[in-house]
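A quick write-up on the structure given underneath.
Order of the sequence lines fixes the chain letters, A, B, ..., with proteins taken first and strands second; residue numbering starts at 1 for each chain. Since the model is a prediction, treat every value here as computed from it, not as a measurement. Just so you know, these numbers use all the heavy atoms, side chains as well, and skip hydrogens, waters and symmetry mates.
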Amino acid sequence: PGGLGYERGAATNYITRNRARKKLQLSLPDFRRLCILKGIYPHEPKHKKKVNKGSTAPRTFYLLKDIKFLLHEPIVNKFREYKVFVRKLRKAYGKSEWGTVERLKDNKPTYKLDHIVKERYPTFIDALRDLDDALSMCFLFSTFPRTGKCHVQTIQLCRRLAVEFQNYVIASRSLRKVFLSIKGIYYQAEVLGQPITWITPYTFSHDHPTDVDYRVMATFTEFYTTLLGFVNFRLYQSLNLLYPPKIDSQAEDELKPAEGKEYAMDSESYLERLSALSASLARAVAPAHEDEVEMDEFPVEGETAELMDAKKKEQEALEKHKKLFEGLRFFLNREVPREPLAFVIRCFGGQVSWDKSLCIGATYDATDPSITHHIIDRPRVDKQVVGRYYLQPQWVFDSVNAKLCLPVADYFPGLLLPPHLSPFVMEKEGDYVPPEKLKLLALQRGENPGAGNEESEEEEEEEEEEEGDNDKEEEEEEDESEKEEEMKLQKMEEQKMGEQKTEEQKSQTNKDKQRLEQEQQSEEKRLAIMMMKKREKYLYKKIMFGKKRKIREANKLAEKRKAHDAALKEQKKKSKKARQV
Amino acid sequence: HPFPSVFLRDIRNTVGNIPMEWYQDFPHVGYDLDGRRIFKPLRSKDELDLFLEKMENPEYWSAIPGKPRDRSVPWDGGSAVKSHRGFGDGICGELPAVDFFSHEVRIHPVTNRPADKRSFIPSLVEKEKVSKLVHAIKMGWIQPRKPKENVPTFYDLWAQEDPNSILGRHKMHVPAPKIPLPGHAESYNPPPEFLLSPEELSWEQQEPSERRLNFLPRRFPSLRAVPAYPRFIHERFERCLDLYLCPRQRKMRVNVDPEDLIPKLPKPRDLQPFPTTQALIYRGHSSLVRTLSVSPSGQWLVSGSDDGTLRFWEVISARCLRTVPVGSAVKSVAWNPNPNVCLVAAAIPPWIPLDPFNPACLWDQLPQLLLGIPPFPIPSPFPPQRAPIPFPIPFPIPFPFQPVTQVTWHAKGDYWASVLRNPGGRQVLIHQSSRRWSQDPFRKSPGMIQCVRFHPIRPYFLVASQRSVRIYNLLRQELTKKLQSNCQWISSMAVHPGGDNVICGSYDSKLAWFDLDLSTRPYRLLRHHRRALRAVSFHRRYPLFASASDDGTVIVCHGMVYNDLLQNALLVPLKVLKGHVPTLDLGVLDVAFHPQQPWLFSSGADGTVRLYT
């Protein structure tokens, strides 16, 4: 009975979007908002046709359980209340009852998302795992202009939370990788063992696209700000820092108060000073001089001991990485992006300052003699001060990714920079590895290939040139000498013929044998592949196709690089010759 | 010096409180204290003058604009009253300023007016309003203002976190995949090989969904040259859409070593002997060789070709002993398996004139021939040194005008069967050569018949139609089994000499191995060939079988059948034999094993017969 009978199994586990909406008695925008806030998403059923009751029409399906779960959500009621509120308000406006309007506005229904955050992320680690999108979104919203696109409060809140998070990362020294891409700057921090990656746009005004629904983004941001607020609170607590963050009183004294007033209004100057990222934060409990807990060492054997050793080494490397810029004093010229650089430098223990007029929170002047690195992004420096390196900003980022202070010679202003590599790429065997990465790996191992290589390259070039000039003469000479040698060799060979022949034959037969064996093996493999089941064969072919494509791409990249290097060499030679002439 | 006096002179106007437009037409604007005319300034002040004045005069901001037309009088707090008096000199007297409304509470009313009555009785309008409000409050329409909550916005949410409190829906929860991390190509200053070369710049023409990278790799000489990324907001928005709109499904990522997928089979080396190399080529036919058959002694070979000849070969020497022209394409030949009788059955289309030297050519309209060597049915041992001298013996069959496509012998050598291409009508005939008698075993046509075989041991008859194989019991005259080959179109069939296994080749390049004891479905379906299978064959003594295909290869497989019923047959491909050149889209057309040796004959579309040993 009931035709094909879709009354049990997969068909009853799913519900289409429209039916779900009707069940919840919500309008589409409200349903959308609810789904975003509660983290409900459609599911792709395994047997779509069965779930779709025999039809093949494209529909989105939600899990019935999810929708039932939404039925009990208190926020649904808040949505309805809000709808009523809007209706009342409109009516009051229409009747010009300003008193009512005011009263209604005072009683505007609001909702909180705390319980949803707790529900979606039962543990703190869960929340950390899902922080990537939240951070990226908050950092994007904090760069929006305070005009129209969304509420000013949201933008301010995003800015505050983003700054708080940055301050936490600085205080905990948990930044690991930075990458300057053409899209923005990627950061990766490791918080409680979880890698958290986020992207910030370059600080330019946005050209707001028209085909983007800002309401959707705003709803996401609403949830993300709540999440990030709680996460920040917890993170600050874990470091014994005060929340909302307070600038350390010592550091506060250092910042000149007068300057603050000039720069921003009183209400904003505190956040501005926080966002300058130059001051350390106040702690709730004064830290004991060294928090490091000596780990008890248990006697272990065999593999575990090795593992422990490896872990220890890793830990040491990490500690070293965290103190990468310790003791260095940086000065940022006004044309370099201040915030990312200050953030990165402070994350690795460096001290940083900038021009007083650029931003609040500058701690020392450009003329300070103790500055060790001056970050500059101009083709040339007008007045160089002795005793500091003038470097392009890429040096900072490359050093962080390389986990060591790179040699500065490649990064002087006006030079053609070495390529900036992505720290997120972990090359496996068979992948293409750019030569710069190889160089870097060698550096990390403690070798110094750079200087030697360049010299040898130059020498080679010179040699080649010389060869080019002397080629003809040499060839003639060589020819004569070769002939003589050949005669001698022939005689020798004849003597040894007997012995050699057998040897040659042996080696020949050996080679043949090897080749035959290889051929046989490959044929056996081919035959065995013929006997594979259809599904396995399909899988096998797919895997092999992927592998081959990878190899092909790697080869292509290598070839391109080779061609590029050759072209560069040629050009160098030409220019050299031109100079000589 | 006149100037200071001019500037210092009091030039207050004495015209009084009259409209100034009365002086519009005069050169002066009034009279000063001494009764002299005050002249209008030569020109009125324009913006520039005002600006200059503003810049030069430090007291500009406190000047009262207006009354003294020509000169702004700076205002200094104390002199206000004085200046006021100056204006009104003689017009209004000096009055004491009394502040009626001040913070001081007075005992007397300001005015003497008696209070209204309405101030002593309650207002009706207000009463109405209040009653409305009271009603609204009673009904719950008006809520009292909520006190502002003083709870901190953020607190330790995970203070009592319980990792086990996973809600029901989390069982099915599929976490969203993270955004893939950027590679070298996304850098603002990538290594040069990651930039797209001019050939690869078709990126812009590609559909956004087809691009492998969703951005164009670019190189900037320095960080300050990097512009904003125009699609940044788009990308965040797309991520948002993905998060709440994209259907999710948990997919198991296969993380297998491809080498593990390859089945472990016994090595072909251990399964010898089998034909491995091409030993001989039998040349002579000028067109494709459709069919071949080996004599039961293994000494002779007969092949039938589209060039209209039958050729007899000596196997060892590849010599053509005899060519029998039959005039038209030979579809099928079959050597009588009885070693005592030397007979070859051949299927030849009807319109061929028979050998004119043959006295038996009376039935020249007949389509079939039974070539007897020597004339049937005398069973004389054939002298092996001499070449066979075939001459045809026509065999009468009742349906003369349908072309015969296949002939096959019973193992005993007396009965043989032929397949006619006669869709809808009779298609199979069984002949008895000793009695020169034919019969149609079927009352009803079982579909389009491709191929028939006699069972080597039992009195079974196997008929392959387009998709299935039927097995009939000839004694009981009933259908015993119907095998479902999972193929589209069966082309050929062979029966294992043990009798319990059947292989079928099909035009959709599959080979189905049936185990009759196991199931009516194929035990294994082998897809070794790339194109249609034309012929399959079993070896009589060795556990070998071969399949010939249009891709020009013959694949020899090991097909071990065990006596133990519990153990399934072991199938191992042994060798791919190549040699035939595909012509006219046809490759190898027939294949046959030597009856004693592990040798293989194949005939191809290139007009050759080849021997592999």
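- By number of non-hydrogen pairs under 4.5 angstrom with chain B, the leading residue of P42(A), C35(A), P337(A), P419(A) is P42(A).
- The backbone N or O of T197(A) sits nowhere less than 3.5 Å from a side-chain atom of K178(B) that would complete a donor-acceptor pair.
- Among P175(B), P230(B), C246(B), the residue making the largest number of heavy-atom pairs under 4.5 Å with chain A is C246(B).
- With ring centers used as reference points, Y229(B) lies 6.0 Å or more from H206(A).
- Contact annotation for L223(B): both backbone and side-chain heavy atoms come within less than 4.5 Å of a heavy atom of chain A.
- T153(B) is not listed as a side-chain neighbour of K112(A), based on a closest heavy-atom distance of 4.5 Å or more.
- Proximity to chain A (any heavy atom under 4.5 Å) is shown, for L261(B), by both the backbone and the side chain.
- For H564(A), the part lying under 4.5 angstrom from a heavy atom of chain B is the side chain only.
- Taking the six-membered ring for Trp and the full ring otherwise, the centers of Y244(B) and Y41(A) sit at least 6.0 Å from each other.
- The most heavy-atom pairs under 4.5 Å with chain A, out of R524(B), R527(B), R231(B), come from R527(B).
- Heavy-atom distances place the side chain of L161(A), and not its backbone, under 4.5 Å from chain B.
- Both the backbone and the side chain of L571(B) have a heavy atom closer than 4.5 Å to some heavy atom of chain A.
- Top candidate by heavy-atom pairs under 4.5 Å with chain B, chosen from I36(A), D114(A), D133(A), L421(A), is D133(A).
- Using a 4.5 Å heavy-atom threshold, the side chains of L417(A) and Y188(B) count as touching.
- Both the backbone and the side chain of Y540(A) have a heavy atom closer than 4.5 Å to some heavy atom of chain B.
- Between the side chain of K560(A) and the backbone N or O of L195(B) there is at least one donor-acceptor pair closer than 3.5 Å.
- Using a 4.5 Å cut-off between heavy atoms, Q237(A) touches chain B through its side chain atoms alone.
- Within the 3.5 Å criterion, the main-chain N or O of P418(A) finds a donor-acceptor partner in the side chain of N189(B).
- Only the side chain of Y214(A) comes within less than 4.5 Å of a heavy atom in chain B; its backbone stays farther off.
- Ring centers of F232(B) and Y202(A): at least 6.0 Å apart, outside the cut-off.
- Between chain A and the options A228(B), S222(B), P192(B), heavy-atom pairs under 4.5 Å are most frequent for P192(B).
- For chain A, no part of D242(B) is nearby; none of its heavy atoms comes within less than 4.5 Å.
- With a 4.5 angstrom heavy-atom cutoff, K264(B) does not touch chain A via any of its atoms.
- There is no contact between E559(A) and chain B, counting heavy-atom distances below 4.5 Å.
- Proximity of S181(A) to F215(B): side-chain heavy atoms (C-beta onward) are nowhere separated by under 4.5 Å.
- Residue P191(B) touches chain A through both its backbone and its side chain, counting heavy-atom pairs closer than 4.5 Å.
- Within the 4.5 Å cutoff, the side chain of H420(A) has no heavy atoms near those of the P190(B) side chain.
- Each of K88(A), K68(A), R103(A) has some count of heavy-atom pairs under 4.5 Å with chain B, and the biggest count is that of R103(A).
- The parts of F230(A) that come within reach of chain B are both its backbone and its side chain, each placing non-hydrogen atoms under 4.5 angstrom from that chain.
- Contact check for I182(A) versus F220(B): side-chain heavy atoms found under the 4.5 Å cut-off.
- Heavy atoms of D211(A) lying under 4.5 Å from chain B belong to its backbone as well as its side chain.
- Side-chain contact between H528(B) and L527(A) is absent, with no heavy-atom pair separated by less than 4.5 Å.
- By number of non-hydrogen pairs under 4.5 angstrom with chain B, the leading residue of E335(A), R17(A), E523(A) is E523(A).
- Ranked by heavy-atom pairs under 4.5 Å with chain A, the list P182(B), P573(B), A159(B) is led by P182(B).
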Does E235(B) form a salt bridge (charged side-chain N to carboxylate O under 4.0 Å, His left out) with K183(A)? I'd like the steps, not just the answer.
CA-CA 10 Å; E235(B) 283 191 357; K183(A) 294 183 180 176; 3.2 Å; yes
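- Looking at D213(A), both its backbone and its side chain come within 4.5 Å of chain B, counting heavy atoms on both sides.
- Residues M217(A) and I233(B) are in side-chain contact: their nearest non-hydrogen atoms beyond the backbone lie under 4.5 Å apart.
- The closest side-chain donor-acceptor pair between H184(B) and E427(A) falls under 3.5 angstrom.
- By the 4.5 Å heavy-atom criterion applied to side chains, P247(B) and H43(A) are not counted as neighbours.
- When each of C557(B), G183(B), A176(B), A225(B) is checked for heavy-atom pairs under 4.5 Å with chain A, G183(B) comes out on top.
- Using a 4.5 Å cut-off between heavy atoms, F220(A) touches chain B through its side chain atoms alone.
- For V336(A), no part lies under 4.5 angstrom from a heavy atom of chain B.
- Among the candidates I543(A), N107(A), V117(A), the residue making the largest number of heavy-atom pairs closer than 4.5 Å to chain B is N107(A).
- The residue among V576(B), I142(B), I179(B) with the most heavy atom pairs within less than 4.5 Å of chain A is I142(B).
- Classification of E193(B) and K562(A) as a salt-bridged pair fails, no side-chain N sitting under 4.0 Å from a carboxylate O.
- For I199(A), the parts lying near chain B are the backbone and the side chain together; criterion is any non-hydrogen pair under 4.5 Å.
- Remark: side-chain polar atoms of D156(B) are not paired, donor with acceptor, to backbone N or O of R234(A) under 3.5 angstrom.
- Chain B forms more heavy-atom pairs under 4.5 Å with one residue of K534(A), Q392(A), K547(A) than with any other, namely K534(A).
- Residue contact with chain B, scored on non-hydrogen atoms closer than 4.5 Å, involves the side chain of F144(A) exclusively.
- Heavy-atom distances place the backbone of T200(A), and not its side chain, under 4.5 Å from chain B.
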